[in-house]
There are 2 protein chains.
Amino acid sequence: MPKLNDQTLEHVAQRFKVLGEPMRLRLLACLQKGEYCVQDLVELTGAGQANVSKHLSLLISHGILGRRKEGLHVYYFIADESVYNLCDLVCESIANKAEGVQRLFSDARA
Amino acid sequence: MPKLNDQTLEHVAQRFKVLGEPMRLRLLACLQKGEYCVQDLVELTGAGQANVSKHLSLLISHGILGRRKEGLHVYYFIADESVYNLCDLVCESIANKAEGVQRLFSDARA
DNA sequence: CAACTATATAACTAATCGGTAATTTAATGT
DNA sequence: ACATTAAATTACCGATTAGTTATATAGTTG
């Protein structure tokens with residue numbers, strides 16, 4: 001953890017909070033495959049249109065996504081690839097934890 | 001982002017949500033220097049005792065912290081070091097963004 | 001311009017969450 | 001057993017937030 005005065009700490013917390021929402025992660029997971037417009041994402045996620053729009057706006061306002069207008073459609077894409085590194089790290093950590101639990105079980109059996 | 005079925009996605013979101021709170025990050029920042037008991041952390045953060053206890057309990061329940069009892073005191077320590085890697089990544093990303101903004105300003109001036 | 005489609009926004013509701021005050025539990029020493 | 005200290009827990013309040021419905025905005029086509 002590099003220097004964290006109260007302000008940067010607040011910013012870091014904000015970033016985490018933005019990612020701490022299943023629907024937003026779902027959107028990011030979709031957009032990992034390429035850019036999509038809102039209705040694509042509505043279909044892919046099964047969420048409501050207003051809901052998707054709101055989450056996308058939030059991700060935009062935090063610099064995680066970018067947007068590109070094309071006719072009636074608005075295409076969203078990843079602007080900050082680092083979010084995937086974050087998810088990778090978390091997944092690893094979770095996997096390790098699960099492994100630890102599994103080991104506990106096998107140890108108990110032995 | 002490795003495989004993310006709905007369940008793992010939910011877990012990842014949970015992890016992010018736990019980290020998406022300034023006070024909890026502040027506690028983690030303190031504990032980076034070593035283990036501390038609750039009252040130490042109360043003094044270091046300036047938060048209320050109940051508040052600190054609650055945040056610590058949450059971090060424990062998510063496997064991020066560990067605890068060790070010694071007499072009247074309970075010492076907390078980091079159980080999942082990966083949280084610091086996460087914070088590092090976020091800080092980098094934020095720094096890059098700030099740099100971009102700065103460049104925009106200097107470009108505008110030029 | 002009118003009808004249509006895609007997206008954004010506003011207003012609202014229910015649920016979640018952080019902080020606090022008060023109480024309880026647990027360990028220690030007299 | 002009693003008093004003292006540390007930590008956890010409970011109950012509560014105010015604020016935030018995700019989702020939905022309805023409406024507004026913007027771009028397209030006839």
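Not measured: the values here are computed from a predicted model. Proteins come first, then strands; the chains are lettered A, B, ... in the order of their sequence lines, and each starts at number 1.
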Rounded interatomic separation in angstrom, taking OH from B:Tyr75 and C1' from D:dA6: 11 Å
Along DNA chain D (nearest heavy atom to each residue), the more 5'-positioned of B:Asp40 and A:Gln49: B:Asp40
Separation of C:dA6 C1' from A:Tyr36 OH (nearest whole Å): 18 Å
B:His62 side chain vs B:Leu58 backbone, donor-acceptor pair below 3.5 Å: yes
A:Lys17 side-chain proximity, nearest of D:dG19, D:dA7, D:dT17: D:dT17
B:Tyr76 vs D:dA6: side-chain N/O to OP1/OP2 distance below 4.0 Å: no
Selection from C:dT7, D:dT17, D:dA8 that lies nearest to any side-chain heavy atom of A:Cys37: C:dT7
Below 4.0 Å: OP1/OP2 of D:dA7 and any side-chain N or O of B:His73: yes
Side-chain donor/acceptor of B:Tyr76 to backbone N/O of B:Leu56, under 3.5 Å: no
Closest nucleotide among C:dG18, D:dT9, C:dT28 to the B:Leu72 side chain: C:dT28
Atom-to-atom span, CZ of B:Arg24 to C1' of C:dC17 - whole angstrom: 9 Å
Donor-acceptor pair between A:Tyr75 and A:Arg68 side chains, under 3.5 angstrom: no
Of B:Lys54 and B:Val74, the one whose closest DNA chain D nucleotide lies more 5': B:Val74
Rounded interatomic separation in angstrom, taking CD from B:Gln39 and P from D:dA6: 4 Å
B:Tyr36 (side chain) donor-acceptor with B:Leu31 (main chain) under 3.5 angstrom: no
N/O (side chain, B:Lys69) to phosphate O (OP1/OP2, C:dA27) under 4.0 Å: yes
d(CD, B:Glu43; C1', D:dA6) in whole Å: 12 Å
Protein-nucleotide distance (B:Leu25, atom CG; C:dG18, atom C1'), rounded to Å: 14 Å
Below 4.0 Å: OP1/OP2 of C:dT7 and any side-chain N or O of A:Arg67: no
Distance-only donor-acceptor check, side chains A:Asn5 and A:Thr8, under 3.5 Å: yes
d(CD, A:Glu70; P, D:dT28) in whole Å: 10 Å
Nearest-Å distance for atom pair CG/P, residues B:Asn51 and D:dA6: 18 Å
Selection from D:dG19, C:dG19, D:dA6 that lies nearest to any side-chain heavy atom of A:His55: D:dG19
Shortest side-chain distance from B:Ser53, nucleotide among C:dT9, C:dA6, D:dA7: D:dA7
